[in-house]
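Comments concern the structure below.
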Amino acid sequence: MSDLHKEVSDLEQKSATAARLFDIRRIIGGLFVVYGIIVTIAGINPSDADLKKAEGVHINLWTGLAMLALGLFFLVWLKLRPAQAPAPAPEDTPEG
């Protein structure tokens, strides 16, 4: 009986770890942070041709900062409200 309880507990722990690992907020937030850093760096020192095309707006800088802010929002949201593993269905629970 104790071994069965331990196996169920291990399975629940693995399920919770998988739920946190594959949370879509982590993936989206991470990608936006990485791309935001790249675009922000590209927008720090634009060429005159780039500024002329954008009518004088530092579009890469502003877009990169917005992407960075959105990515950080997703990561903070993940930290404040972590994903919970789904509850097992009633027929999956061991009887005893």
Pairs under 3.5 angstrom only: tabulate donor-acceptor contacts from the side chains of residues 40-56 to other protein residues two or more places apart or in another chain.
from, atom 1, to, atom 2, distance (Å)
Thr40, OG1, Gly36, O, 2.6
Thr40, OG1, Gly64, O, 3.3
Thr40, OG1, Leu65, N, 3.3
Ser47, OG, Asp50, N, 3.2
Ser47, OG, Asp50, OD2, 3.3

OH on Tyr35 to CE on Met67, rounded to 0.5 Å: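 If we round to the nearest 0.5 Å, Met67:CE and Tyr35:OH are 8.0 Å apart.
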May I have the list of side-chain donor-acceptor pairs in residues 70-82 shorter than 3.5 Å, sequence neighbours left out?
none

Matching residue for Ile37 among Val34, Val39, Val33 - test: side-chain contact (heavy atoms from CB on, under 4.5 Å):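 The residue from Val34, Val39, Val33 that satisfies side-chain contact (heavy atoms from CB on, under 4.5 Å) with Ile37 turns out to be Val33.
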